[in-house]
S.K.: 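Okay, handing you the structure first.
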Protein chains: 2
Amino acid sequence: MDEIDRNLVVALQENGAAGLAELSKVAGLSVSATAERVKRLEERAVIRGWRIDLDPIAAGCPLLAFVFVAMRPGASDAGFADAMRGHEAVLECHTVTGAWCFLLKLRLADIAALEDFVSTKVRAQPGVERTETILALASPKETAILPVAEAEEE
Amino acid sequence: MDEIDRNLVVALQENGAAGLAELSKVAGLSVSATAERVKRLEERAVIRGWRIDLDPIAAGCPLLAFVFVAMRPGASDAGFADAMRGHEAVLECHTVTGAWCFLLKLRLADIAALEDFVSTKVRAQPGVERTETILALASPKETAILPVAEAEEE
DNA sequence: GGTGAAAAAGTCACCGC
DNA sequence: GCGGTGACTTTTTCACC
(Lines give C-alpha, C1' and ligand atoms only; values in the text may rest on other atoms or scores of the structure.)
Protein backbone atom coordinates (compact mmCIF):
# COMPACT_ATOMS: atom_id res chain seq x y z
CA MET A 1 0.00 0.00 0.00
CA ASP A 2 2.30 2.73 -1.24
CA GLU A 3 1.56 6.21 -2.56
CA ILE A 4 0.55 4.83 -5.98
CA ASP A 5 -1.88 2.31 -4.50
CA ARG A 6 -3.42 5.05 -2.39
CA ASN A 7 -3.89 7.25 -5.44
CA LEU A 8 -5.53 4.39 -7.31
CA VAL A 9 -7.87 3.63 -4.46
CA VAL A 10 -8.84 7.28 -4.07
CA ALA A 11 -9.56 7.52 -7.80
CA LEU A 12 -11.58 4.30 -7.79
CA GLN A 13 -13.65 5.41 -4.82
CA GLU A 14 -14.71 8.48 -6.79
CA ASN A 15 -15.15 6.65 -10.06
CA GLY A 16 -15.12 2.89 -9.99
CA ALA A 17 -15.87 2.85 -13.70
CA ALA A 18 -12.57 4.52 -14.56
CA GLY A 19 -10.72 2.53 -17.17
CA LEU A 20 -7.12 1.42 -16.96
CA ALA A 21 -6.12 4.18 -19.38
CA GLU A 22 -7.41 6.84 -16.99
CA LEU A 23 -6.06 5.05 -13.92
CA SER A 24 -2.63 4.73 -15.48
CA LYS A 25 -2.45 8.54 -15.61
CA VAL A 26 -3.36 8.73 -11.92
CA ALA A 27 -0.75 6.11 -11.09
CA GLY A 28 1.90 7.47 -13.41
CA LEU A 29 2.46 3.98 -14.74
CA SER A 30 1.77 2.03 -17.91
CA VAL A 31 -1.61 0.43 -18.47
CA SER A 32 -0.33 -3.08 -17.74
CA ALA A 33 1.44 -2.07 -14.53
CA THR A 34 -1.74 -0.32 -13.43
CA ALA A 35 -3.83 -3.41 -14.20
CA GLU A 36 -1.42 -5.46 -12.11
CA ARG A 37 -1.72 -3.00 -9.19
CA VAL A 38 -5.51 -3.13 -9.26
CA LYS A 39 -5.46 -6.92 -9.45
CA ARG A 40 -3.16 -7.11 -6.43
CA LEU A 41 -5.38 -4.73 -4.46
CA GLU A 42 -8.28 -7.09 -5.13
CA GLU A 43 -6.24 -10.17 -4.22
CA ARG A 44 -5.18 -8.60 -0.94
CA ALA A 45 -8.83 -7.65 -0.33
CA VAL A 46 -7.97 -3.99 -0.03
CA ILE A 47 -10.61 -3.68 -2.73
CA ARG A 48 -13.36 -5.97 -1.41
CA GLY A 49 -15.69 -5.57 -4.37
CA TRP A 50 -17.19 -3.33 -7.01
CA ARG A 51 -20.50 -1.63 -6.34
CA ILE A 52 -22.91 0.89 -7.72
CA ASP A 53 -24.03 3.87 -5.68
CA LEU A 54 -27.79 3.46 -5.85
CA ASP A 55 -30.38 6.14 -5.13
CA PRO A 56 -32.28 4.95 -2.02
CA ILE A 57 -35.50 6.58 -3.18
CA ALA A 58 -35.41 4.82 -6.54
CA ALA A 59 -34.56 1.60 -4.70
CA GLY A 60 -37.77 1.99 -2.70
CA CYS A 61 -36.20 2.42 0.75
CA PRO A 62 -36.32 6.17 1.44
CA LEU A 63 -36.75 5.78 5.20
CA LEU A 64 -33.53 5.80 7.19
CA ALA A 65 -33.62 4.85 10.86
CA PHE A 66 -31.12 4.07 13.60
CA VAL A 67 -32.13 1.63 16.31
CA PHE A 68 -30.31 1.21 19.59
CA VAL A 69 -30.69 -2.18 21.22
CA ALA A 70 -29.95 -3.21 24.80
CA MET A 71 -29.61 -6.93 25.59
CA ARG A 72 -30.38 -8.64 28.88
CA PRO A 73 -27.24 -9.63 30.76
CA GLY A 74 -26.19 -13.11 29.67
CA ALA A 75 -28.11 -12.95 26.38
CA SER A 76 -26.45 -14.14 23.18
CA ASP A 77 -25.02 -11.12 21.44
CA ALA A 78 -23.67 -13.31 18.64
CA GLY A 79 -27.11 -14.76 18.01
CA PHE A 80 -28.61 -11.31 17.73
CA ALA A 81 -25.85 -10.16 15.38
CA ASP A 82 -26.33 -13.21 13.17
CA ALA A 83 -30.05 -12.57 12.95
CA MET A 84 -29.46 -8.94 11.96
CA ARG A 85 -26.90 -9.91 9.35
CA GLY A 86 -29.58 -11.89 7.56
CA HIS A 87 -31.88 -8.91 6.98
CA GLU A 88 -31.46 -6.78 3.86
CA ALA A 89 -33.00 -3.81 5.64
CA VAL A 90 -30.16 -3.86 8.19
CA LEU A 91 -27.38 -1.99 6.44
CA GLU A 92 -25.23 -1.88 9.55
CA CYS A 93 -25.08 -3.60 12.90
CA HIS A 94 -22.43 -2.40 15.35
CA THR A 95 -21.67 -3.24 18.94
CA VAL A 96 -21.11 0.05 20.71
CA THR A 97 -19.82 1.69 23.85
CA GLY A 98 -22.21 3.43 26.22
CA ALA A 99 -25.65 2.57 27.48
CA TRP A 100 -26.62 0.36 24.54
CA CYS A 101 -25.30 -2.93 23.16
CA PHE A 102 -26.04 -2.57 19.45
CA LEU A 103 -26.65 0.22 17.00
CA LEU A 104 -28.51 -0.73 13.81
CA LYS A 105 -28.82 1.32 10.65
CA LEU A 106 -31.99 0.46 8.75
CA ARG A 107 -33.35 1.37 5.33
CA LEU A 108 -37.03 0.70 4.77
CA ALA A 109 -39.92 1.70 2.55
CA ASP A 110 -41.95 3.62 5.12
CA ILE A 111 -42.94 4.02 8.77
CA ALA A 112 -45.27 1.03 8.61
CA ALA A 113 -42.40 -1.17 7.43
CA LEU A 114 -40.21 0.24 10.22
CA GLU A 115 -42.82 -0.42 12.86
CA ASP A 116 -43.20 -3.97 11.60
CA PHE A 117 -39.46 -4.58 11.37
CA VAL A 118 -38.63 -3.28 14.84
CA SER A 119 -41.41 -5.20 16.53
CA THR A 120 -41.22 -8.50 14.64
CA LYS A 121 -37.53 -8.71 13.72
CA VAL A 122 -35.67 -6.75 16.38
CA ARG A 123 -37.70 -6.73 19.60
CA ALA A 124 -38.81 -10.32 18.99
CA GLN A 125 -35.18 -11.51 19.10
CA PRO A 126 -34.32 -13.48 22.26
CA GLY A 127 -32.45 -11.44 24.84
CA VAL A 128 -33.54 -7.99 23.67
CA GLU A 129 -34.37 -5.87 26.67
CA ARG A 130 -34.98 -2.39 25.31
CA THR A 131 -34.78 -0.51 22.02
CA GLU A 132 -34.78 3.11 20.96
CA THR A 133 -35.54 4.14 17.40
CA ILE A 134 -34.26 7.36 15.87
CA LEU A 135 -35.42 8.57 12.48
CA ALA A 136 -33.24 10.48 10.05
CA LEU A 137 -35.18 13.53 8.86
CA ALA A 138 -32.60 14.53 6.28
CA SER A 139 -29.09 13.46 5.32
CA PRO A 140 -26.86 16.38 4.38
CA LYS A 141 -24.12 13.82 3.76
CA GLU A 142 -24.17 10.08 3.23
CA THR A 143 -21.24 8.50 1.47
CA ALA A 144 -19.31 5.24 1.51
CA ILE A 145 -16.12 6.95 0.35
CA LEU A 146 -13.49 6.39 3.03
CA PRO A 147 -10.70 8.79 3.89
CA VAL A 148 -7.42 7.23 2.77
CA ALA A 149 -4.58 7.96 5.17
CA GLU A 150 -0.89 7.73 4.59
CA ALA A 151 -0.35 4.52 6.47
CA GLU A 152 2.71 2.36 6.90
CA GLU A 153 3.89 0.80 3.64
CA GLU A 154 3.25 -2.91 3.55
CA MET B 1 -38.00 1.05 -12.94
CA ASP B 2 -39.61 -2.25 -13.89
CA GLU B 3 -38.75 -5.79 -12.86
CA ILE B 4 -35.82 -5.94 -15.29
CA ASP B 5 -34.29 -2.71 -13.97
CA ARG B 6 -34.62 -3.99 -10.42
CA ASN B 7 -32.86 -7.22 -11.33
CA LEU B 8 -30.05 -5.27 -12.96
CA VAL B 9 -29.64 -3.00 -9.97
CA VAL B 10 -29.62 -5.92 -7.54
CA ALA B 11 -26.96 -7.67 -9.63
CA LEU B 12 -24.85 -4.51 -9.91
CA GLN B 13 -25.00 -3.88 -6.18
CA GLU B 14 -23.50 -7.30 -5.60
CA ASN B 15 -21.02 -7.07 -8.43
CA GLY B 16 -20.54 -3.72 -10.06
CA ALA B 17 -17.82 -5.22 -12.24
CA ALA B 18 -20.28 -7.56 -13.95
CA GLY B 19 -19.99 -7.22 -17.69
CA LEU B 20 -22.87 -6.67 -20.07
CA ALA B 21 -22.73 -10.31 -21.13
CA GLU B 22 -23.42 -11.43 -17.56
CA LEU B 23 -25.98 -8.70 -16.96
CA SER B 24 -27.85 -9.60 -20.14
CA LYS B 25 -28.49 -13.06 -18.65
CA VAL B 26 -29.86 -11.47 -15.48
CA ALA B 27 -32.06 -9.16 -17.54
CA GLY B 28 -33.11 -11.77 -20.05
CA LEU B 29 -32.28 -9.36 -22.85
CA SER B 30 -29.62 -8.95 -25.51
CA VAL B 31 -26.35 -7.25 -24.69
CA SER B 32 -27.31 -4.03 -26.46
CA ALA B 33 -30.71 -3.77 -24.80
CA THR B 34 -28.99 -4.37 -21.45
CA ALA B 35 -26.43 -1.66 -22.16
CA GLU B 36 -29.26 0.73 -22.98
CA ARG B 37 -31.00 -0.12 -19.69
CA VAL B 38 -27.86 0.51 -17.65
CA LYS B 39 -27.24 3.78 -19.47
CA ARG B 40 -30.78 4.96 -18.76
CA LEU B 41 -30.44 4.04 -15.08
CA GLU B 42 -27.36 6.26 -14.96
CA GLU B 43 -29.09 9.11 -16.82
CA ARG B 44 -32.03 8.99 -14.43
CA ALA B 45 -29.55 8.96 -11.53
CA VAL B 46 -30.94 5.70 -10.19
CA ILE B 47 -27.30 4.63 -10.46
CA ARG B 48 -25.48 7.64 -8.99
CA GLY B 49 -22.00 6.33 -9.58
CA TRP B 50 -19.62 3.41 -9.59
CA ARG B 51 -17.56 2.67 -6.51
CA ILE B 52 -15.19 0.20 -4.97
CA ASP B 53 -15.85 -1.36 -1.59
CA LEU B 54 -12.65 -0.53 0.23
CA ASP B 55 -11.34 -2.21 3.38
CA PRO B 56 -11.37 0.49 6.10
CA ILE B 57 -8.34 -0.99 7.83
CA ALA B 58 -6.26 -0.93 4.66
CA ALA B 59 -7.51 2.61 4.05
CA GLY B 60 -6.09 3.63 7.42
CA CYS B 61 -9.38 4.52 9.14
CA PRO B 62 -10.19 1.53 11.34
CA LEU B 63 -11.91 3.59 14.04
CA LEU B 64 -15.66 3.98 13.60
CA ALA B 65 -17.53 6.45 15.80
CA PHE B 66 -20.98 7.98 15.97
CA VAL B 67 -21.34 11.47 17.36
CA PHE B 68 -24.62 13.03 18.43
CA VAL B 69 -24.73 16.80 18.28
CA ALA B 70 -27.21 19.19 19.91
CA MET B 71 -27.38 22.77 18.63
CA ARG B 72 -28.36 25.84 20.61
CA PRO B 73 -31.85 27.08 19.70
CA GLY B 74 -31.58 29.54 16.82
CA ALA B 75 -28.17 28.23 15.69
CA SER B 76 -27.52 27.65 12.01
CA ASP B 77 -28.13 23.99 11.29
CA ALA B 78 -27.34 24.52 7.62
CA GLY B 79 -23.97 26.04 8.50
CA PHE B 80 -23.10 23.06 10.65
CA ALA B 81 -24.19 20.60 7.97
CA ASP B 82 -22.10 22.40 5.35
CA ALA B 83 -19.06 22.27 7.58
CA MET B 84 -19.51 18.54 8.17
CA ARG B 85 -19.97 17.88 4.44
CA GLY B 86 -16.50 19.24 3.87
CA HIS B 87 -14.74 16.68 6.06
CA GLU B 88 -13.62 13.35 4.58
CA ALA B 89 -13.81 11.72 8.00
CA VAL B 90 -17.54 12.47 8.16
CA LEU B 91 -19.10 9.64 6.20
CA GLU B 92 -22.60 10.59 7.18
CA CYS B 93 -24.38 13.57 8.69
CA HIS B 94 -28.08 13.19 9.43
CA THR B 95 -30.61 15.42 11.13
CA VAL B 96 -32.54 13.20 13.50
CA THR B 97 -35.61 12.92 15.67
CA GLY B 98 -35.26 12.79 19.44
CA ALA B 99 -33.06 14.60 21.90
CA TRP B 100 -30.29 15.41 19.41
CA CYS B 101 -30.10 17.50 16.26
CA PHE B 102 -27.44 15.68 14.25
CA LEU B 103 -25.97 12.23 14.12
CA LEU B 104 -22.53 11.93 12.53
CA LYS B 105 -20.79 8.77 11.39
CA LEU B 106 -17.02 9.16 11.48
CA ARG B 107 -14.12 7.07 10.27
CA LEU B 108 -10.72 7.94 11.66
CA ALA B 109 -7.27 6.50 12.19
CA ASP B 110 -7.35 6.22 15.98
CA ILE B 111 -8.64 7.62 19.26
CA ALA B 112 -6.25 10.54 19.14
CA ALA B 113 -7.59 11.57 15.73
CA LEU B 114 -11.14 11.21 17.06
CA GLU B 115 -10.42 13.36 20.08
CA ASP B 116 -8.89 16.00 17.85
CA PHE B 117 -11.69 15.88 15.31
CA VAL B 118 -14.52 16.12 17.83
CA SER B 119 -12.94 18.99 19.74
CA THR B 120 -11.55 21.06 16.86
CA LYS B 121 -14.00 20.27 14.03
CA VAL B 122 -17.28 19.44 15.72
CA ARG B 123 -17.47 21.12 19.11
CA ALA B 124 -15.71 24.22 17.74
CA GLN B 125 -18.54 24.80 15.25
CA PRO B 126 -20.73 27.80 16.09
CA GLY B 127 -24.01 26.86 17.73
CA VAL B 128 -22.95 23.45 19.03
CA GLU B 129 -24.29 23.01 22.54
CA ARG B 130 -23.53 19.41 23.47
CA THR B 131 -22.11 16.27 21.89
CA GLU B 132 -22.04 12.61 22.75
CA THR B 133 -19.57 10.23 21.15
CA ILE B 134 -20.20 6.52 20.77
CA LEU B 135 -17.54 4.12 19.60
CA ALA B 136 -18.21 1.05 17.50
CA LEU B 137 -16.42 -1.89 19.11
CA ALA B 138 -17.20 -4.30 16.28
CA SER B 139 -19.33 -4.29 13.17
CA PRO B 140 -21.03 -7.63 12.53
CA LYS B 141 -22.53 -6.03 9.42
CA GLU B 142 -21.66 -2.93 7.43
CA THR B 143 -22.82 -2.74 3.85
CA ALA B 144 -23.94 -0.11 1.37
CA ILE B 145 -26.12 -2.60 -0.50
CA LEU B 146 -29.69 -1.32 -0.36
CA PRO B 147 -32.79 -3.49 -0.29
CA VAL B 148 -34.59 -3.06 -3.61
CA ALA B 149 -38.35 -3.06 -3.20
CA GLU B 150 -40.99 -3.67 -5.80
CA ALA B 151 -42.04 -0.07 -6.24
CA GLU B 152 -44.45 1.57 -8.63
CA GLU B 153 -43.34 1.33 -12.25
CA GLU B 154 -42.24 4.66 -13.64
C1' DG C 1 7.50 -2.27 -14.84
C1' DG C 2 7.07 -1.53 -20.14
C1' DT C 3 5.65 -3.07 -24.97
C1' DG C 4 2.64 -4.77 -28.35
C1' DA C 5 -0.44 -8.12 -30.24
C1' DA C 6 -4.38 -11.10 -29.31
C1' DA C 7 -8.74 -11.50 -27.07
C1' DA C 8 -12.71 -9.64 -24.97
C1' DA C 9 -16.00 -6.27 -24.11
C1' DG C 10 -18.53 -2.17 -25.20
C1' DT C 11 -20.67 0.93 -28.72
C1' DC C 12 -23.55 2.20 -32.40
C1' DA C 13 -26.17 2.44 -36.71
C1' DC C 14 -29.58 -0.17 -38.80
C1' DC C 15 -33.32 -3.76 -39.04
C1' DG C 16 -37.62 -5.98 -37.38
C1' DC C 17 -41.38 -6.58 -34.49
C1' DG D 1 -41.25 2.45 -29.03
C1' DC D 2 -38.33 -1.27 -27.70
C1' DG D 3 -35.31 -4.90 -28.48
C1' DG D 4 -32.12 -7.78 -31.75
C1' DT D 5 -28.13 -8.16 -35.02
C1' DG D 6 -23.69 -7.48 -36.55
C1' DA D 7 -19.82 -4.56 -37.64
C1' DC D 8 -16.77 -1.28 -35.59
C1' DT D 9 -14.12 0.63 -31.73
C1' DT D 10 -12.23 0.67 -27.29
C1' DT D 11 -10.45 -1.68 -23.46
C1' DT D 12 -8.35 -5.49 -21.20
C1' DT D 13 -5.26 -9.26 -21.01
C1' DC D 14 -0.95 -11.69 -21.52
C1' DA D 15 3.43 -13.43 -23.24
C1' DC D 16 7.78 -11.48 -23.76
C1' DC D 17 11.43 -7.82 -23.10
Side-chain angles (χ1 to χ4, degrees), chain A residues 1-60 144-146 148-154, chain B residues 1-55 57-60 143-146 148-154:
Chain A
M1 198 69 183
D2 60 7
E3 185 63 29
I4 294 175
D5 283 336
R6 277 194 295 277
N7 289 340
L8 284 173
V9 149
V10 167
L12 283 170
Q13 283 201 114
E14 279 160 23
N15 178 18
L20 291 171
E22 186 179 329
L23 289 173
S24 66
K25 284 174 208 154
V26 171
L29 296 172
S30 69
V31 170
S32 69
T34 306
E36 168 102 23
R37 289 268 187 167
V38 173
K39 206 172 101 191
R40 267 200 78 223
L41 287 167
E42 287 189 77
E43 282 165 3
R44 289 190 293 155
V46 173
I47 295 174
R48 298 189 293 194
W50 303 77
R51 305 270 182 274
I52 51 170
D53 177 5
L54 189 64
D55 175 18
I57 297 175
I145 297 177
L146 304 180
V148 178
E150 305 108 46
E152 63 286 1
E153 318 247 327
E154 183 181 313
Chain B
M1 200 65 185
D2 60 8
E3 186 63 29
I4 294 174
D5 284 336
R6 278 194 294 277
N7 289 340
L8 284 174
V9 149
V10 167
L12 284 169
Q13 282 201 115
E14 280 161 21
N15 177 18
L20 290 171
E22 186 179 331
L23 289 173
S24 66
K25 284 175 208 155
V26 171
L29 296 172
S30 70
V31 169
S32 70
T34 306
E36 169 104 24
R37 290 268 186 168
V38 174
K39 207 172 101 191
R40 268 200 78 222
L41 287 167
E42 287 190 78
E43 281 165 2
R44 290 190 292 156
V46 172
I47 296 174
R48 298 189 294 196
W50 303 77
R51 301 271 133 72
I52 50 169
D53 177 5
L54 189 63
D55 176 18
I57 296 173
T143 181
I145 297 177
L146 305 179
V148 178
E150 303 108 46
E152 64 286 3
E153 318 246 327
E154 184 182 309

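Residue numbers begin at 1 in each chain, while the letters A, B, ... track the order of the sequences.
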S.K.: Under 4.0 Å between a side-chain N or O of A/Arg37 and OP1 or OP2 of C/dG1?
M.R.: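 The answer is yes; a side-chain N or O of A/Arg37 sits under 4.0 Å from OP1 or OP2.
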S.K.: Measuring from the side chain of B/Ser32 (C-beta onward, heavy atoms only), which nucleotide among C/dT11, C/dC12, C/dG2 has the closest atom?
M.R.: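 Selected nucleotide: C/dC12.
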S.K.: Among C/dG2, D/dT5, C/dT11, which nucleotide has an atom closest to any side-chain atom of B/Leu20?
M.R.: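 Nearest to the side chain of B/Leu20 among the choices is C/dT11.
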S.K.: Taking NZ, NE, NH1 and NH2 as the nitrogens, is one of them in A/Glu42 or A/Lys39 under 4.0 Å from a carboxylate oxygen of the other?
M.R.: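 No, no charged N to carboxylate O under 4.0 Å.
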S.K.: Starting at atom CD of A/Glu22, determine the distance to atom C1' of D/dT12, rounded to an integer number of angstrom.
M.R.: 15 Å
S.K.: May I have the distance from A/Glu36 (atom CD) to D/dC16 (atom C1'), rounded to whole angstrom?
M.R.: 14 Å
S.K.: Rounded to the nearest Å, what distance is computed from the CD1 atom of residue B/Ile4 to the C1' atom of nucleotide D/dG4?
M.R.: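 Checked: the CD1 to C1' distance equals 14 Å.
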S.K.: Does some side-chain heavy atom of A/Asn15 sit less than 4.5 Å from a side-chain heavy atom of A/Glu22?
M.R.: yes
S.K.: So what does A/Ala35 touch, heavy atoms closer than 4.0 Å: a base, only the sugar-phosphate, or nothing?
M.R.: nothing
S.K.: Measure CG/B/Leu23 against C1'/C/dA8 and give the value in whole Å, please.
M.R.: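 Interatomic distance, CG of B/Leu23 to C1' of C/dA8: 15 Å.
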S.K.: For A/Glu42 and D/dT13, what is the distance between atoms CD and C1' respectively, to the nearest whole Å?
M.R.: 14 Å
S.K.: Quick one, B/Asp53 and A/Ile47 - any side-chain contact, counting heavy atoms below 4.5 Å?
M.R.: no
S.K.: Of all the nucleotides listed (D/dG3, C/dG10, C/dG1), which has the minimum atom distance to the side chain of B/Leu29?
M.R.: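 Of the options given, the side chain of B/Leu29 lies nearest D/dG3.
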S.K.: Is any side-chain N of the basic residue among A/Glu43 and A/Arg40 closer than 4.0 Å to the acidic one's carboxylate O?
M.R.: no
